[in-house]
Structures are given as C-alpha cells and as structure tokens.
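Below is one structure, written out as structure tokens, with a few remarks after it.
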Amino acid sequence: MKALKRWLYKRLKPEVWHKFHWEIDREKPIEETCFVVFDTETTGLDLKRDEAISIGAVKIEGLKIDLSKSFYRLLKPSRAFADSIKVHGITPQDLKEAKERREACQEFIEYAKGCLLVGYFVHIDIAMIRRLAEEECDGFFYPYALDLLDMIGEERASSLEELAKKFKIPTSTLHNALEDAYTTALILLRVLRHENYRKVRDLPLKVV
C-alpha cells in the first residue's frame, strides 16, 4: 500500500516528489552504497498524536562511519510534553534554543538524500519524519528503508540495548537519538560483513 502511495505521488506530483524522495540503485555494490542510519526521540509513541523532538543520524560510506558527517537536531515541539522526559532526558528547557520544525525537516531530508535510510524499528522513525514533512514542509514522505530487525530476526531484538550487548557494543543508559543511531550503525556494519551482502538488491528493502 505504501509503495503504491509512493508511485502515485510520483506520477501526480513529480515536482514535489523529487524534493522528498530519491531512487535507490539496487544493483549498486554494498561497499559503494551510502547508508543514513537514523533515530528519533519523541514525545510518545502515538504515531498520530506524538511528534519528534530530536533527530540523530550518521552516514556509512565505503562501509565506514564518518562521524564528521553526523547529524543531530533538537526540534521545537508544537505542544507541551512531560512523560517522555524520563526516557530521553530532553526537557522543555533544552528545547528553548531548538530548531524550528520546518527547518529541521528540510535539513534532514537534504542530509539523507541519495542514501539508503536505516533504523531499528524504523517504521516508527519514518512515521515521525513523515508527519514532520506533511505538517511543516507540505511534503509526502514514503522512502525506501531498511529495518535492522528484518536483517537479524525479531526474536533477537527485545531492545536496541539488549541487541548491542549481544554484539558486545557499549551503550549509555539514557536514550539519545545520535547515540542510538551510532549504535544501530555499528550493529548494521557487523551484520553486513557477517552475512556477506553483495548488492543492495540482496537487502530486505521496503517502502516504509
């Protein structure tokens, strides 16, 4: 259904489509592929009501993480929040100097363009970016993405922290979008190398 929405949008609104979407070359070798591994922290997990208040991302190019190209933005919320503070530690005070939502949306889309998006439970993070694009940028966001869960099997993934422990990767006790993106990227690299993926077409891509 989402793939159909992406296709229809490309046909009906090509000018806008190209601002928020890009094609993925399935024949490209894995080592030549750009991956953007990202995560969001949100005001909650209600995909219709809650919203992203931070976006963190790292790029993998040549199967290496370049931390000099990392991305992290705090976003001004459109409404008050409280309960999620105990999860990510971001307070209303922290967000006083945060980016305007429209600006953060535009910057993330430009950062990710041309790369394959990757996440852990990525449908949640894509849904948050989609809402941001629709509400702030008059856009429509249905990208191809890769979920780490589809590569490792859900039975091994009770949480990102538990998964990191299995791969012997240290994590912090407090959720942070950039740290979680970096952790996810480290696990992704381990999986890519261990499973010996050759081309993008070998990955479990889907429109999210």
Side-chain angles (χ1 to χ4, degrees), residues 34-47 50-61 64-77 81 83-91 94-95 98-99 101 103-113 115-133 136 141-152 154 156-167 169-192 203-206 208:
C34 171
F35 298 88
V36 164
V37 187
F38 80 110
D39 182 68
T40 61
E41 296 299 339
T42 69
T43 57
L45 294 177
D46 186 328
L47 300 185
D50 289 304
E51 59 189 14
I53 53 173
S54 74
I55 306 172
V58 296
K59 280 190 176 179
I60 296 176
E61 295 175 299
K64 294 180 180 179
I65 301 171
D66 187 349
L67 290 178
S68 70
K69 296 181 180 179
S70 60
F71 179 98
Y72 184 69
R73 300 289 187 275
L74 290 173
L75 288 71
K76 288 184 178 179
F81 70 95
D83 291 345
S84 59
I85 292 175
K86 58 191 176 185
V87 176
H88 48 61
I90 299 172
T91 68
D94 295 329
L95 298 173
K99 288 271 186 179
R101 302 185 68 76
E103 185 179 3
C105 168
Q106 293 171 336
E107 289 179 350
F108 178 73
I109 295 298
E110 286 305 311
Y111 175 84
K113 243 177 189 177
C115 299
L116 176 55
L117 289 169
V118 186
Y120 178 84
F121 278 109
V122 74
H123 70 280
I124 295 175
D125 302 301
I126 292 290
M128 292 298 172
I129 301 297
R130 180 179 299 127
R131 277 198 59 205
L132 191 62
E136 304 294 337
F141 193 58
Y142 284 91
Y144 282 101
L146 178 63
D147 196 324
L148 192 60
L149 285 173
D150 293 333
M151 301 178 72
I152 62 173
E154 292 193 37
R156 296 178 57 191
S158 57
S159 69
L160 181 61
E161 290 76 13
E162 287 299 316
L163 188 60
K165 287 180 182 178
K166 291 178 182 180
F167 283 88
I169 295 172
T171 62
S172 67
T173 57
L174 188 65
H175 285 274
N176 173 278
L178 183 55
E179 288 185 13
D180 286 354
Y182 180 61
T183 298
T184 303
L186 290 174
I187 298 171
L188 173 66
L189 286 174
R190 298 273 185 93
V191 174
L192 287 174
L203 299 170
L205 286 187
K206 57 187 177 183
V208 180

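Here the structure is a predicted model, which means the values were calculated and not measured.
With sequence neighbours left out, Lys76 forms a side-chain hydrogen bond (donor to acceptor under 3.5 Å, both in side chains) with Glu100. In this view, Arg131 and Glu135 satisfy the salt bridge (Lys or Arg N to Asp or Glu O under 4.0 Å) rule, not counting sequence neighbours.
The two atoms that bring Ile90 and Leu74 nearest to each other are CD1-CD2, 4.0 Å, heavy atoms only. Listed here is the closest heavy atom pair of Ala177 and Ser54: CB-OG, 3.5 Å. Scanning all heavy atoms of the two residues, the minimum distance from Met151 to Pro204 falls at CG-CG, 3.9 Å.
Looking at heavy atoms from C-beta onward, Leu163 lies in side-chain contact with Leu148 at the 4.5 angstrom threshold. A 4.5 Å side-chain heavy-atom check between Leu116 and Leu205 finds at least one atom pair inside the cut-off. Contact annotation: the side chain of Leu132 approaches that of Ile55 to within less than 4.5 Å [non-hydrogen atoms, C-beta and beyond]. With contacts defined as side-chain heavy-atom distances shorter than 4.5 Å, the pair Asp94/Ile53 does not qualify.
Remark: the backbone N or O of Pro143 is not paired with any side-chain donor or acceptor of Arg130 at under 3.5 angstrom. No side-chain donor-acceptor contact under 3.5 Å links Arg73 to the backbone of Lys99. No side-chain donor-acceptor contact under 3.5 Å links Asp147 to the backbone of Tyr120. Under the 3.5 Å distance criterion, the side-chain polar atoms of Asp39 are left unmatched by any main-chain donor or acceptor of Gly56. Using a distance-only test at 3.5 Å, with no hydrogens or angles considered, no donor-acceptor pair links the side chain of Thr43 to the main chain of Asp50.
More than 12 non-hydrogen atoms from other residues, nucleotides or ligands lie less than 6.0 angstrom from CZ of Phe71.
Checked against the 6.0 Å centroid threshold, Tyr111 and Phe38 do not count as a close aromatic pair.
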